[in-house]
Every structure is written in C-alpha cells, then in structure tokens.
Amino acid sequence: MRLHLRYFASLREAAGLESEVVEHLGDAVSLYEDRARRHAFRLPCDRVRLAVNGAIVAWSQPLQDGDEVVFLPPVSGG
Amino acid sequence: MNVAPVNTSFFRLNERAIDVVSLRRLLEDAHCGAVVGFDGVVRDHHGGRAVAALRYEAYAELAEREGEAIVVEALARFPVRRIVAEHRVGLLAVGTVAVFVGVAAAHRDAAFAACRFVIDEIKSRVPIWKHEHYADGAASWIHPD
C-alpha cells in the first residue's frame with residue numbers, strides 16, 4: 001500500500017524531509033522501524049505516538065492504502 | 001443562578017504576536033466574578049543553559065483539533081463560562097508570550113482549576129514542539145520523557 005508520511009520536529013530534521021510517500025506492507029510499528037533505520041531516528045517507537053488521517057490512534061490500528069501517517073515525538077508546547 | 005458556558009470559547013494557533021488584551025476582552029461577562037489568565041513566556045534559561053530564542057513548530061490541523069477538545073473537556077468538567085487559549089508558532093524572542101489561557105467563571109475556584117487544567121493538558125497533549133536556540137549558537141528539539 002502507498003502511504004503519505006509527514007514529519008515534524010526532530011524527526012523532520014533527522015529525515016531532512018517534511019513528507020514522503022512510501023510503499024509499505026505491514027503494520028505501523030514496522031513502518032516506523034523501517035523509517036527509523038533509514039533516517040536514523042533516535043526515538044524508540046514506544047516514545048512516539050501515531051496519528052493517521054489527522055487523528056491520534058493506537059499503534060495496533062491497521063493502515064490502509066492512501067493513509068496520511070504522522071509520527072508524533074513527545075510534545076513540548078507551552 | 002446556574003448559567004451554561006457560552007459558545008465563544010476556543011483554542012487556536014497564532015503565527016503572530018498573541019494579543020492578550022484583546023483575548024481578555026473576550027472574557028468579559030456580567031455572570032462572571034472571576035477571570036484568571038495564564039501567560040506562558042519565553043525565558044532565558046533551561047537546564048542550566050542560556051536560551052536566546054525558541055521556535056515552536058506544530059502539526060497544525062491536529063494541534064487545533066486537540067486544543068479544541070481540551071477546551072470542550074474543561075467546559076464540561078468545571079463550572080466556567082468562557083475559555084480562550086492561543087499558542088504561538090514560529091520564532092520567539094525571550095520575553096515573548098508563547099501561550100495564553102484565559103478563563104471566566106462565576107467564582108474563582110473553578111476559574112483557577114480550569115485554567116490549570118487547560119495549560120497542563122496543552123503541554124502534555126497538543127502536538128507542538130519547542131526548538132531551543134542557545135546563546136552559544138547550538139539548538140535542540142525538546143522531547144520530554
């Protein structure tokens with residue numbers, strides 16, 4: 001399936017990209033681990049939240065073709 | 001008299017200076033005897049390092065949705081009438097207001113409690129990230145444990 005990824009904060013900086021389109025077979029955890037290897041993300045998956053199509057969801061939620069996927073590093077607003 | 005919240009409450013992001021005076025005007029309400037405002041301001045130090053500036057980055061669509069959800073939760077949880085909350089994005093100098101939360105309620109206990117709830121939830125949930133720029137030229141993303 002084809003997924004649209006967007007990156008923010010340290011993940012954007014590490015990837016050197018604001019977004020990319022990837023072909024992926026598998027769940028969201030394997031997607032994160034694959035991207036983490038490719039872009040040298042330092043945050044482990046258990047410190048990152050998952051957003052799909054603009055909503056925060058559980059890592060166990062299946063991904064679907066065309067989804068917009070965002071990995072959210074720990075937030076620091078305020 | 002028991003009075004329901006009014007539908008002028010909101011959370012929003014702002015790319016320009018937060019106008020605290022105008023936001024406070026939105027809290028004026030004859031039913032309310034208490035107005036509590038919190039200004040989060042960029043300070044010049046963090047973890048023993050001198051900070052020159054901050055840049056805030058947001059996942060805007062989700063940040064506004066999550067911020068609105070926090071406001072709705074606070075209105076349901078506390079007997080308050082009006083909540084206005086605004087968070088900056090972009091580069092901010094020391095001394096700049098980064099976030100404002102204002103609450104109007106009939107009585108002060110609820111106003112203080114709701115204000116505290118909203119700022120704490122913003123800090124823990126809303127997808128906004130702080131990039132600290134230090135006086136020595138280095139910079140780092142803040143991702144709290």
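Each chain gets a letter, A, B and so on, in the order the sequences are listed, and its residues count up from 1.
- For B:Arg55, the part sitting under 4.5 Å from any heavy atom of chain A is the side chain, from C-beta outward, and nothing else.
- Applying the 6.0 Å contact sphere to NE2 of B:His107 captures no more than 12 heavy atoms from other residues, nucleotides or ligands.
- Among all heavy-atom pairs drawn from A:Ala55 and B:Leu62, the shortest one is CA-CD1, 4.3 Å.
- The hydrophobic clustering, which links ILVMFWY residues whose side-chain heavy atoms are closer than 4.5 Å, places B:Val71 and B:Phe10 apart.
- At distances below 3.5 Å, not a single donor-acceptor pair connects side-chain atoms of B:Trp129 with backbone N or O atoms of A:Phe8.
- Neither the backbone nor the side chain of B:Ser140 comes within less than 4.5 Å of any heavy atom in chain A.
- Linking ILVMFWY residues whenever their side-chain heavy atoms come closer than 4.5 Å, directly or via other members, leaves B:Val97 and B:Leu92 in distinct clusters.
- Note on B:Val41 and B:Tyr56: separate hydrophobic clusters, where clusters join Ile, Leu, Val, Met, Phe, Trp and Tyr whose side-chain heavy atoms are under 4.5 Å apart, directly or indirectly.
- Hydrophobic clustering of Ile, Leu, Val, Met, Phe, Trp and Tyr side chains at less than 4.5 Å, counting indirect connections, keeps A:Leu11 apart from B:Tyr59.
- In B:Phe112, the CZ atom is not crowded: 12 or fewer heavy atoms of neighbouring residues, nucleotides or ligands sit closer than 6.0 Å.
- Under the 4.5 Å side-chain heavy-atom criterion for ILVMFWY residues, a single connected hydrophobic cluster contains both B:Val42 and B:Val89.
- Within the 4.5 angstrom heavy-atom criterion, only side-chain atoms of A:Ala51, from C-beta onward, approach chain B.
- Heavy-atom neighbours of A:Glu23 CD from other residues, nucleotides or ligands within 6.0 Å: above the threshold of 12.
- Per-residue heavy-atom pair counts under 4.5 Å with chain A were compared for B:Pro127, B:Ala63, B:Ala98, and the maximum is reached by B:Pro127.
- Nearest heavy-atom pair, A:Val75 versus B:Lys123, reported as atom, atom and distance to 0.1 Å: CG2-O, 3.5 Å.
- The CZ atom of A:Arg12 sits 8.0 Å away from atom NE2 of B:His131, with the distance rounded to the nearest 0.5 Å.
- When heavy atoms are compared at a cutoff of 4.5 Å, B:Asp145 approaches chain A by way of both its backbone and its side chain.
- Taking all atoms of both residues into account, the shortest heavy-atom contact from A:Arg49 to B:Arg125 is NH2-O, 3.0 Å.
- Exactly one of A:Pro74, A:Ser10, A:Ser76 qualifies for a side-chain contact (heavy atoms from CB on, under 4.5 Å) with B:Ile142. That residue is A:Ser76.
- In this structure, the portion of B:Trp141 lying under 4.5 Å from any heavy atom of chain A is its side chain and not its backbone.
- Under the 3.5 Å distance criterion, the side-chain polar atoms of A:Arg47 are matched with a main-chain donor or acceptor of B:His143.
- The two atoms that bring B:Glu57 and A:Ala9 nearest to each other are OE2-N, 2.8 Å, heavy atoms only.
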